[in-house]
Every structure is written in C-alpha cells, then in structure tokens.
Amino acid sequence: MLELFKAELTLCKVTKGEVVAVLSGGEDQQEYAQAFMLAAQSLGATTFHLNVPKYGQGKVAGLQGRHALTGNQPAIDTLKRVDMVIDLLGLLFSREQAEIQEAGTRILRVMEPFHILKKMFPTEDLRGERSFLEPSSSRPAKCGSRRPAERT
C-alpha cells in the first residue's frame with residue numbers, strides 16, 4: 001500500500017517542503033491515512049491528519065455536497081493553507097471542496113477499496129497532462145487521448 005501511495009503522490013508532484021493534509025472522518029480509512037502520511041513524508045513533505053467527527057453524517061447521507069466537514073470553517077481554513085489534501089471523507093461537488101481548491105490547494109479524493117486502487121492506478125500517459133500535437137495541425141489532441149497513428 002505504501003509504495004502505491006508513494007507512486008501516486010509522485011504523479012501528483014508532491015515534493016520536499018510541501019505540506020500534505022489527510023482528511024478523514026471518524027474511524028474510516030485510518031490505514032489509508034497512515035499510509036498516505038508515510039508516503040508523503042518519504043517524498044520530503046510535512047504531513048498531518050485532520051480527522052473530523054462523523055456525527056450528523058447520518059442526517060445528510062446520500063445528499064451530494066454534504067458531509068462531516070460542512071460548516072466546520074476552522075478545519076476548512078486549515079486545509080486552505082496546505083499544498084495538498086488527501087480526501088478520504090468525500091468532499092466531491094461540495095462548497096467546501098470548491099473553497100479549498102480556490103485557495104490553490106490540490107485535492108486527491110480516495111474512496112475505493114485498495115484492490116480497486118491497484119487496478120485503476122494512473123500512468124503519466126493516462127493523466128492527460130502532456131500536450132500531444134496532432135500531426136496535421138498545431139492543436140493539442142483531446143486531453144487523455146493518444147497521438148493518432150501516422151498514416152503512410
């Protein structure tokens with residue numbers, strides 16, 4: 001697990017001197033939290049774990065954009081000051097996620113079981129960050145696509 005998470009953080013360009021926070025709720029994903037912190041530390045980052053109580057989550061279960069961080073402004077402000085958040089809580093499509101990202105913080109959401117994470121592990125080519133040029137124009141190819149085969 002540690003090696004996979006280290007490889008993921010390397011693809012996320014975590015570097016020495018950055019601050020990486022792991023966000024979780026209650027007792028969920030504690031093994032992931034520890035492994036991500038150790039992986040980030042091995043890359044030279046400073047880490048900490050922000051664990052928020054899961055109380056009240058039952059009232060908002062199934063409501064997109066609502067989670068245990070909702071309304072916890074001190075925690076949100078803390079996450080806005082780090083370089084990267086490992087989201088084990090599930091901030092997806094929430095006001096809090098948008099606020100944290102607007103501050104310049106990168107977020108990696110990790111919710112899947114480990115055997116699925118191994119199967120889905122990204123490669124540099126799949127990330128779509130490279131600008132591949134189509135042979136007949138100077139337009140970049142669609143993000144995540146491969147360069148079209150050259151015709152002879």
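In this chain, numbering begins with 1 at the start of the sequence shown.
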Met1 with Leu4, same ILVMFWY side-chain cluster at under 4.5 Å:
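Same hydrophobic cluster.
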
Kindly work out whether a path of hydrophobic side-chain contacts (I/L/V/M/F/W/Y, heavy atoms less than 4.5 Å apart) joins Ile86 to Phe121.
yes

Pick out which of Lys6, Lys13, Lys16 makes a side chain to side chain contact (heavy atoms under 4.5 Å, CB included) with Leu43.
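The option that passes is Lys6.
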
Are Glu96 and Gln73 close enough, and set up right, to give a side chain to side chain donor-acceptor pair (under 3.5 Å), and what steps lead you there?
CA-CA 9 Å; Glu96 294 79 11; Gln73 198 60 48; over 6 Å; no

Once rounded to the nearest 0.5 Å, what's the spacing between atom [atom1] of [X] and atom [atom2] of [Y]?
X     : Y     : atom1 : atom2 : value
Leu89 : Gln97 : CG    : CD    : 11.0 Å
Ile76 : Thr78 : CD1   : OG1   : 9.5 Å
Leu69 : Leu50 : CG    : CG    : 7.0 Å
Thr70 : Arg95 : OG1   : CZ    : 7.5 Å
Glu8  : Glu3  : CD    : CD    : 13.5 Å

Which donor-acceptor pairs under 3.5 Å do the side chains of residues 104-111 make with protein atoms, sequence neighbours left out?
{"residue": "Thr105", "atom": "OG1", "partner": "Leu79", "partner atom": "O", "Å": "3.2"}
{"residue": "Thr105", "atom": "OG1", "partner": "Lys80", "partner atom": "O", "Å": "3.3"}
{"residue": "Thr105", "atom": "OG1", "partner": "Val82", "partner atom": "O", "Å": "2.9"}
{"residue": "Arg106", "atom": "NH1", "partner": "Glu18", "partner atom": "OE2", "Å": "3.0"}
{"residue": "Arg106", "atom": "NH2", "partner": "Cys12", "partner atom": "O", "Å": "3.4"}
{"residue": "Arg106", "atom": "NH2", "partner": "Glu18", "partner atom": "OE1", "Å": "3.2"}

Atom pairs and distances, side-chain donor-acceptor, residues 29-38, under 3.5 Å, sequence neighbours left out:
{"residue": "Gln30", "atom": "NE2", "partner": "Gly26", "partner atom": "O", "Å": "3.2"}
{"residue": "Gln30", "atom": "NE2", "partner": "Asp28", "partner atom": "O", "Å": "3.1"}
{"residue": "Tyr32", "atom": "OH", "partner": "Glu112", "partner atom": "O", "Å": "2.7"}
{"residue": "Tyr32", "atom": "OH", "partner": "Phe114", "partner atom": "N", "Å": "2.8"}

Tell me, which pairs form a salt bridge (Lys or Arg N to Asp or Glu O under 4.0 Å) where one or both residues lie in residues 39-49, sequence neighbours left out?
none

Worked verdict on Thr46 versus Val20 for side-chain contact (heavy atoms from CB on, under 4.5 Å)
CA-CA 6 Å; Thr46 300; Val20 176; over 6 Å; no

Considering all heavy atoms, the nearest [X]-[Y] contact:
X     : Y     : value
Leu88 : Ser24 : CB-CB, 4.2 Å
Ala68 : Val52 : CB-CG2, 3.8 Å
Thr47 : Ala40 : CG2-CB, 3.4 Å

